[in-house]
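These values consider heavy atoms only, across backbone and side chains, with no hydrogens, waters or symmetry-generated copies. First listed ligand is number 1; within each ligand, the first listed atom is number 1.
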Amino acid sequence: MTVDDFWPILRDGVRARRPSAAFGLRLDGRLDSAALQLFELFKPLLDLGRTSDGWVIAQLGQSLDGCVATRSGDSSFINGSESLLHLHRLRAVCDAVIVGAGTVAIDNPQLTTRRVAGPNPIRVLLDPNLGLSEHVMTARPFNDGQAPTLWLCDARWRDRAVARVGADRVLAVNDLVRDDTTLHLANAVTALRSRGLTRLFVEGGGVTVSRFLAQGCLDRLHLAVAPVIIGDGRRGLQFTGPARLADCPRPPCSVYPMGPDHLWDLDLRAST
Ligand SMILES: NC(=O)c1ccc[n+]([C@@H]2O[C@H](COP(=O)([O-])OP(=O)(O)OC[C@H]3O[C@@H](n4cnc5c(N)ncnc54)[C@H](OP(=O)(O)O)[C@@H]3O)[C@@H](O)[C@H]2O)c1
C-alpha cells in the first residue's frame, strides 16, 4: 500500500482514537517503505488518543541555526515540500490549529489542509491582550470562509473582541493572563477542550510554541530542520532554561528523513 492509499486510513484512525495496535496485523507486510514511515511517525498520536482526554502537538520548521524566519519575518518557505505536506497532515488530524498573534500579523496564514486530503481544522488565533485589533478584520481566517475561526483572548477583553468579530468567533478565557503579563496556557487548553476541541496543534511562531513548551502544555514537538542557515533571524525555541547542562531536558526522540529536511519527533510527555 502506498502513502496515498494509506493516508486516509491513518488520518481517520487518529481522528477516531484508534490505537496503533489495531492497525498492526492488518498492515503486516502491506505497506511500502514510505507508508511504513508515515505509520511510525503518527503512531504516537494514535496511542495518545487512547490514553488521554486529548493531546497537544506543536511543530516548527526551522533552520540549522534554530530560526523560524529571517529578521524581517520571512518564513516562506524554510522547509521543502515533503515537510509542508507533513504540516498539512498534522492539521488534518487535529480539531484545532493554534497560531500566535505575531504569525497572524506577519504571515496572514490560511491554516488549511489544501496540500492533503482531510478536513480543515478550526483556526485559533491566540491573542491574549488583543494585540491583533488592527489586523483581525482583514485576517484571512476571518474572511476566507474555509473553516471556523476563533479569536482567543483573556476574558477581560471579551466585550471588545465580541464587538469586533461577533460572539460566535470569540473564545474569552478566564485567567488566561495573570498579573497583566503571565500567560496560563493550560487554561486555554482546558477552554478549547470544553468546546470538544481535544486534538490541538500549535503551529507557531517561535514565541508561542516556546510558551506552550515551557509551561508543560505539549505532549509532542515536531521540529522540521532544513539545511539552511539564517543568522540573525527570529528564534524558534526561546525560553529561560536551566543554568546547568545536566538539568536540561533530553526528551526521547526519533528522526525521520523528509526530502532535504529531517523531522525530529520529541516525546515531551516522557520527559516530564
Ligand atoms: N517556520 C515556522 O514553523 C513558522 C511557523 C509560524 C510562524 N513563523 C514565523 O514566525 C514569526 C512570528 O513568530 P513569533 O515567535 O514572532 O510570534 P508568535 O508566536 O506568532 O506570536 C506571539 C508574539 O506576537 C506578539 N504580537 C502580539 N500582537 C502582535 C501584533 N499585532 N503584531 C506583531 N506581533 C504581535 C506577541 O507579543 P506579546 O508577547 O506582547 O503578546 C508575542 O510576542 C513570523 O515571522 C512567522 O513567519 C514560522
Check: Asp107 N/O within less than 3.5 Å of ligand 1 N/O:
yes
Item to check | Within 6.0 angstrom of Asp247 CG, more than 12 heavy atoms from elsewhere | outcome: yes
Leu60 heavy atoms within 4.0 Å reach ligand 1 at atoms 3 (O)
Task: ligand 1 to Gly206 polar contact by distance, N or O atoms, under 3.5 Å - done: yes
Does any part of the side chain of Val225, heavy atoms only, come nearer than 4.5 Å to the side chain of Met258, both counted from C-beta?
no
### Message
Please tell me whether His86 and Phe42 form a close aromatic pair, meaning their ring centres lie under 6.0 Å apart.
### Response
yes
Going by the 4.0 angstrom heavy-atom rule, the piece of Ala101 near ligand 1 is both
Do Arg140 and Thr149 have side chains that approach each other closer than 4.5 Å (heavy atoms only, starting at C-beta)? no
Quiz item: Any luck finding a side-chain donor-acceptor pair between Asp5 and Thr2 under 3.5 Å?
Solution: yes
inquiry  = Looking only at side-chain N and O atoms, does Ser72 offer a donor or acceptor that is under 3.5 Å from a partner on Asp74?
reply    = no
When distances are taken from atom 15 (O) of ligand 1, the protein heavy atom at minimum range is Val207 N, 2.8 Å
In this structure, atom 16 (O) of ligand 1 is nearest to the protein heavy atom Arg234 NH1, 3.7 Å
Next on the checklist: With respect to Ala105, determine whether any N or O atom, backbone or side chain, lies less than 3.5 Å from an N or O atom of ligand 1.
Outcome noted: no
So for Thr103 against ligand 1, with non-hydrogen atoms under 4.0 Å, the contacting part is both
Is atom 2 (C) of ligand 1 in close reach of the protein, with a heavy atom under 4.0 Å away? yes
Would you say Asp175 and His184 are linked by a side-chain donor-acceptor pair, where the criterion is simply a distance under 3.5 Å? no
closest protein heavy atom to atom 48 (C) of ligand 1 is Val68 O, 3.3 Å
Ligand 1 to Ala69, heavy atom cutoff 4.0 Å, flagged ligand atoms 45 (O)
Taking the cut-offs as 6.0 angstrom to the six-membered ring centre and 45 degrees off its axis, would you call Arg220 and Trp55 a cation-pi pair?
no
Looking only at protein heavy atoms, what sits closest to atom 13 (O) of ligand 1 is Gly205 CA, 3.5 Å
Next on the checklist: So that I can tick it off, tell me whether Asp144 and Arg123 are bridged by a salt bridge, with the cut-off set at under 4.0 angstrom between side-chain N and carboxylate O.
Outcome noted: yes
For this session: Using a 4.5 Å cut-off on heavy atoms from C-beta on, say whether the side chain of Leu263 contacts that of Leu223.
Result: no
Checking heavy atoms under 4.0 Å, the part of Glu134 that sits near ligand 1 is neither
heavy-atom search around atom 19 (O) of ligand 1 in the protein gives Thr208 OG1, 2.6 Å
protein heavy-atom neighbour closest to atom 5 (C) of ligand 1 works out as Glu203 O, 3.3 Å
Looking at ligand 1, does any of its N/O atoms fall within less than 3.5 Å of an N/O of Gly73? yes
Do Gln146 and Gln110 have side-chain atoms, one donor and one acceptor, less than 3.5 Å apart?
yes
- Looking at side-chain heavy atoms only, is the closest gap between Leu31 and Leu38 below 4.5 Å? no
Among non-hydrogen protein atoms, atom 37 (O) of ligand 1 lies closest to Arg211 NH2, 4.9 Å
closest protein heavy atom to atom 17 (O) of ligand 1 is Gly102 CA, 3.8 Å
Sub-4.0 Å protein heavy atom next to atom 40 (O) of ligand 1: no
